[in-house]
**Q** 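Attaching a single structure in structure tokens format; questions to follow.
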2 protein chains.
Amino acid sequence: MALCDGLRGAALAALHDIGRRRRLSAGQAFGWSGDPASHCANLVSGVLKVSRVEADGGVQIVGLLYPGDFVGMLFAERSVDTIAALSDADLCVYPRVALEALLVRHPAAGRLLLRRTMATLGEVRRWMPMLARARAEARIAALLVDMARRGEVARDEAFHLPLSRAAMAEALGLAVETVSRHMTAFQQDGLIALSGLRGVRLLDPVRLAQIAG
Amino acid sequence: MALCDGLRGAALAALHDIGRRRRLSAGQAFGWSGDPASHCANLVSGVLKVSRVEADGGVQIVGLLYPGDFVGMLFAERSVDTIAALSDADLCVYPRVALEALLVRHPAAGRLLLRRTMATLGEVRRWMPMLARARAEARIAALLVDMARRGEVARDEAFHLPLSRAAMAEALGLAVETVSRHMTAFQQDGLIALSGLRGVRLLDPVRLAQIAG
DNA sequence: CCGCCGCCTTGACCATCGACAAAGCCCGGT
DNA sequence: ACCGGGCTTTGTCGATGGTCAAGGCGGCGG
């Protein structure tokens with residue numbers, strides 16, 4: 001989508017030439033930290049997580065990818081990130097070197113990718129104040145609002161959380177227990193309704209957004 | 001440097017055509033959050049900070065720019081970040097629209113910028129685990145090591161901190177007092193030597209890197 | 001339908017860090 | 001050399017969130 005949508009004619013055809021469809025099932029990895037970064041991809045459906053493992057063994061999720069997002073890093077010989085599917089997912093996979101070569105022949109593809117990468121950089125920076133300064137309550141509220149937005153959930157509609165409590169904790173830099181406690185508190189305060197382990201509905205998105213800051 | 005170094009011939013000439021030299025003195029802003037994002041630049045000398053102001057009034061530094069770094073965001077009508085000089089700085093300033101147009105005529109410039117933006121994204125993500133999970137001690141050690149590295153400081157050489165204690169706190173998501181306390185502790189433990197308010201020397205960079213994790 | 005495993009919740013305790021307050025020091029201007 | 005303002009340091013206290021520990025529950029497979 002990201003690449004495909006914005007391109008026409010020869011560039012699009014060339015992209016299809018080097019691309020290959022791949023389906024990931026929930027939990028399956030697309031690439032591991034330290035592997036040669038041989039492939040990039042375009043996420044067609046599903047949700048992926050991009051995470052880094054620290055020296056102390058802790059895991060930090062540094063990005064969540066939704067349909068249309070670009071997967072992987074260009075111009076890097078080795079991958080620093082581990083990428084895995086949070087739900088079943090469909091990808092268009094491209095050999096990294098072939099994609100880099102394509103950018104030379106089809107500059108429009110390069111500009112599109114530059115535009116998206118700039119946007120991604122802005123998104124990541126949007127999370128930095130959250131992770132660095134915000135209280136647990138605000139981080140969790142922000143994540144809920146963000147997941148609803150990026151999952152294109154209609155207002156007041158229940159949706160399926162792509163992240164387990166443990167994954168939410170990894171994304172927000174919190175302990176699992178802290179996430180659980182605040183989720184329970186949100187429910188008791190009538191801000192959200194939980195159904196089963198993964199189902200959630202934002203009862204008061206406005207107030208949640210306020211709490212998120 | 002970033003752009004200039006990697007380009008040749010016509011592209012380089014075109015870049016010089018639309019560029020203009022500008023000098024910022026320490027503390028001076030290059031652009032404010034909310035302003036129309038009319039200009040980008042290439043940092044020639046000095047250090048800049050990229051920061052965001054939160055709803056609660058708190059400030060988070062989301063990036064530090066060193067010579068050679070690209071300044072600003074392409075494809076955004078309005079700037080979300082406030083950019084200011086931490087030291088006297090020299091820039092090559094380009095009108096944003098003209099630079100975007102140049103990328104169409106000179107694809108090599110676009111690829112170079114894409115490569116650097118990808119690298120920047122990786123750098124920013126490298127800080128996320130730090131900000132989200134690491135203790136104050138580790139964050140400060142990491143910042144010291146990083147400043148020495150990016151400032152191209154020779155091993156065991158004293159250097160001038162580009163950041164005040166307050167700016168360090170803003171970059172790390174800590175209170176000024178916490179930064180001060182740990183800096184003092186590092187000094188007492190023989191890890192660093194402080195001279196004046198801004199002078200510092202890393203006496204045990206290896207151990208500092210270990211503390212950083 | 002039942003049982004089990006893994007995820008989630010809840011509780012108690014404690015370390016770390018932020019807030020507030022006050023004192024000290026560096027540095028530039030006079 | 002003196003002085004003043006701002007930055008920095010130091011102290012105290014309380015709250016937030018991590019850790020450890022135990023218990024509950026949902027969902028899947030048999």
Side-chain angles (χ1 to χ4, degrees), chain A residues 25-27 54 56-60 86-88 129-144 158 160-189 192-200 211 213, chain B residues 25-27 54 56-60 86-88 129-144 158 160-189 192-200 211 213:
Chain A
S25 42
E54 293 297 284
D56 64 2
V59 177
Q60 175 69 37
L86 290 169
S87 62
D88 291 349
M130 215 72 239
L131 297 176
R133 304 181 51 251
R135 316 177 0 144
E137 188 185 35
R139 301 190 203 189
I140 295 166
L143 182 60
L144 287 171
H160 187 83
L161 289 174
L163 280 69
S164 66
R165 298 290 185 275
M168 290 177 66
E170 285 175 1
L172 299 174
L174 299 171
V176 179
E177 296 91 327
T178 304
V179 174
S180 181
R181 268 187 256 274
H182 285 281
M183 290 290 283
T184 303
F186 283 160
Q187 187 177 33
Q188 285 171 353
D189 294 351
I192 63 176
L194 296 171
S195 54
L197 290 177
R198 293 297 189 91
V200 69
I211 292 174
Chain B
S25 42
E54 294 296 285
D56 64 3
V59 177
Q60 175 69 38
L86 290 169
S87 62
D88 291 349
M130 214 71 238
L131 297 176
R133 303 180 52 252
R135 316 170 9 132
E137 188 185 35
R139 299 190 203 187
I140 295 165
L143 182 60
L144 287 171
H160 189 83
L161 289 174
L163 280 70
S164 67
R165 298 288 185 274
M168 290 176 65
E170 285 175 0
L172 300 175
L174 299 171
V176 180
E177 297 91 326
T178 304
V179 173
S180 180
R181 269 186 255 275
H182 285 282
M183 290 290 282
T184 304
F186 283 160
Q187 186 177 33
Q188 286 172 349
D189 294 351
I192 63 176
L194 296 171
S195 55
L197 290 177
R198 293 297 189 93
V200 69
I211 292 173

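Chain identifiers are assigned alphabetically (A, B, ...) following the order of the sequence lines, protein sequences preceding nucleic acid strands; residue numbering begins at 1 within each chain. Basis for what follows: all heavy atoms, side chains included, without hydrogens, waters or symmetry-related copies.
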**Q** To the nearest 0.5 Å, what is the distance between CZ on A:Arg165 and CD1 on A:Ile140?
**A** 9.5 Å
**Q** Given atom CZ of B:Arg135 and atom P of D:dT19, what is their separation to the nearest angstrom?
**A** 10 Å
**Q** Can you pull out the residues from residues 173-185 of chain A that lie within a 4.0 Å heavy-atom distance of DNA chain C?
**A** A:Glu177, A:Ser180, A:Arg181, A:Thr184
**Q** To the nearest 0.5 angstrom, please state how far the CD1 atom of A:Ile192 sits from the CG atom of A:Leu144.
**A** 5.5 Å
**Q** Please report, rounded to the nearest Å, how far the C1' atom of D:dG18 is from the CD1 atom of A:Ile140.
**A** 13 Å
**Q** Which distance, rounded to the nearest 0.5 Å, do you find between the CZ of A:Arg133 and the CZ of A:Arg139?
**A** 11.0 Å
**Q** Using modelled atom types and a 3.5 Å cut-off, is there a donor and acceptor pairing between side-chain atoms of A:Gln60 and backbone atoms of A:Ala171?
**A** yes
**Q** Taking the nucleotide of DNA chain D with the closest heavy atom to each, which residue, B:Leu194 or A:Ala136, is nearer the 5' end?
**A** B:Leu194
**Q** Contact between B:Ser164 and B:Arg198 at the side-chain level, heavy atoms closer than 4.5 Å - yes or no?
**A** yes
**Q** What distance do A:Leu163 atom CG and A:Leu143 atom CG have between them, rounded to the nearest 0.5 Å?
**A** 6.0 Å
**Q** Below 4.5 Å, heavy atoms only, C-beta onward: do B:Leu174 and B:His182 meet side chain to side chain?
**A** no
**Q** Do A:Asp88 side-chain atoms and A:Ala26 backbone N/O form a donor-acceptor pair below 3.5 Å?
**A** yes
**Q** First locate atom CD1 of B:Ile211, then atom CZ of B:Arg135, and finally report the distance between them rounded to the nearest 0.5 Å.
**A** 10.0 Å
**Q** Of A:Glu137 and A:Ser195, whose closest DNA chain D nucleotide lies nearer the 5' terminus?
**A** A:Glu137
**Q** What's the CG-C1' distance between A:Leu197 and D:dC25, to the nearest Å?
**A** 8 Å
**Q** Is any side-chain heavy atom of B:Met183 less than 4.5 Å from a side-chain heavy atom of B:Leu161?
**A** yes
**Q** Which nucleotide of DNA chain C is the first, and which the last, in the 5' to 3' direction, to come under 4.0 Å of a heavy atom belonging to chain A?
**A** C:dC8 to C:dA12
**Q** For DNA chain C, what residues of residues 161-172 of chain A have any heavy atom nearer than 4.0 Å?
**A** A:Ser164, A:Arg165, A:Ala166
**Q** Would you compute the distance between atom CG of B:Leu197 and atom NE2 of B:His160 and round it to the nearest 0.5 angstrom?
**A** 9.5 Å
